[in-house]
Amino acid sequence: MAGRLFELDDFQLSVLREIGNIGAGHAATALSVLMQKHIEMNVPRVHVVSIQEIDEVIGGAEQLVVGVYLRVEGEIPGSMFLMLKMESANMLLQILTGSHQPVDSFSELEMSALMEVGNILAGSYLSAFSDFTKTNLHASVPAIAVDMAGALINAVLLHIGMYSDRALVVDTEFRQGSENVESHFFFVPDHGSVETIFKLLGVDFA
């Protein structure tokens with residue numbers, strides 16, 4: 001059951017962190033090509049929270065954020081979403097465009113750029129999961145919104161609440177020059193996906 005995410009021990013979390021680091025490496029390469037700049041990424045922490053605690057990770061239910069949501073299909077189905085505080089989204093756009101001014105709303109082109117970053121991150125993490133588990137995973141077309149964290153999470157719950165009440169959190173940092181952008185990537189597995197992941201990895205999960 002998806003609730004078994006809370007049963008992961010340090011070794012199992014370290015396995016997921018390693019997959020996250022490899023996914024971040026793939027994403028850094030893809031983003032460097034997209035931006036034509038050297039981008040570094042790392043995964044300082046992988047942890048598990050309840051759905052109700054997601055807004056605390058991002059700074060509170062009233063924190064204005066950019067959210068990118070994708071549905072994962074394949075042998076390890078679930079839901080993925082990237083959340084960026086507005087400060088981080090503005091900084092990321094500055095890295096992307098080189099001339100962006102901080103704002104609380106974005107143009108259609110800027111939203112498209114942020115959605116593409118979420119799409120690249122999701123694709124990179126799924127590629128790492130696919131390589132490790134030898135499975136074919138793919139993501140849906142991404143959806144993006146700007147709203148308070150609590151409102152976005154409630155919207156996501158309408159789609160995933162029936163599957164799980166836990167989320168795997170991959171804290172991610174982008175670095176380009178002296179700029180450092182923090183983001184949080186959430187994976188909410190469907191029923192049975194956690195067991196499938198470790199079975200395919202050959203890691204004991206009794």
Side-chain angles (χ1 to χ4, degrees), residues 1-8 13 16-17 19-20 23-24 27 43-73 76-93 103-106 110-126 129 137-174 181-194 197:
M1 63 185 68
R4 296 189 67 186
L5 272 177
F6 271 155
E7 299 175 15
L8 299 184
L13 284 172
L16 295 177
R17 186 180 301 111
I19 295 174
V43 176
R45 188 182 180 204
V46 174
H47 53 120
V48 176
V49 299
S50 69
I51 296 292
Q52 290 74 23
E53 293 173 316
I54 290 177
D55 57 6
E56 296 177 15
V57 174
I58 198 69
E62 296 184 357
Q63 178 77 47
L64 192 60
V65 298
V66 176
V68 180
Y69 172 80
L70 307 98
R71 177 72 187 154
V72 179
E73 305 290 350
I76 310 171
S79 298
M80 283 184 160
F81 53 102
L82 172 72
M83 280 197 176
L84 292 159
K85 292 181 181 177
M86 294 299 286
E87 177 184 354
S88 293
N90 276 301
M91 194 175 296
L92 186 57
L93 284 170
V103 295
D104 287 334
S105 62
F106 301 110
E110 290 168 335
M111 290 288 277
S112 178
L114 292 170
M115 187 167 66
E116 182 58 21
V117 170
N119 197 29
I120 287 172
L121 274 176
S124 298
Y125 286 132
L126 285 181
F129 260 108
L137 302 173
H138 54 90
S140 67
V141 175
I144 187 169
V146 176
D147 206 335
M148 290 188 293
L152 287 183
I153 292 166
N154 286 334
V156 171
L157 280 176
L158 291 175
H159 296 282
I160 65 175
M162 68 184 72
Y163 299 122
S164 176
D165 60 355
R166 305 285 187 267
L168 181 70
V169 187
V170 182
D171 295 335
T172 303
E173 293 178 348
F174 303 80
V181 179
E182 296 181 356
S183 68
H184 305 279
F185 207 82
F186 301 90
F187 175 60
V188 183
D190 281 10
H191 177 83
S193 287
V194 175
I197 290 170

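Both backbone and side-chain heavy atoms feed into the values below; hydrogens, waters and symmetry mates do not. Here the structure is a predicted model, which is why all the values come from computation and not from measurement. Each residue takes its place number in the sequence, starting with 1.
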Taking the side chain as every heavy atom from C-beta outward, state whether [X] and [Y] have any atom pair closer than 4.5 Å.
| X | Y | value |
| --- | --- | --- |
| Phe129 | Val72 | no |
| Met80 | Leu126 | yes |
| Leu13 | Val48 | yes |
| Ile19 | Val46 | no |

Exactly one candidate in Leu82, Val57, Val170 meets side-chain contact (heavy atoms from CB on, under 4.5 Å) with Phe186; the answer is Val57
Solution key, residues 110-123 side-chain donor-acceptor pairs under 3.5 Å, sequence neighbours excluded:
residue : atom : partner : partner atom : Å
Glu110  : OE1  : Ser107  : N            : 2.9
Glu110  : OE1  : Ser107  : OG           : 3.4
Glu110  : OE2  : His100  : ND1          : 2.8

For the pair [X] (side chain) and [Y] (backbone), establish whether a donor and an acceptor sit closer than 3.5 Å, ignoring hydrogens and angles.
| X | Y | value |
| --- | --- | --- |
| Arg71 | Gly78 | yes |
| Glu53 | Ser50 | yes |
| Thr172 | Ser183 | no |
| Ser88 | Glu182 | yes |

Considering all heavy atoms, the nearest [X]-[Y] contact:
| X | Y | answer |
| --- | --- | --- |
| Leu64 | Asp104 | CD2-O, 4.1 Å |
| Gly23 | Ser124 | O-CB, 3.2 Å |
| Lys85 | Val65 | CA-CG1, 4.3 Å |

Just jot down the ring pair (Phe, Tyr, Trp, His ring centres under 6.0 Å) partners of Tyr125, sequence neighbours excluded, or say none. Phe185
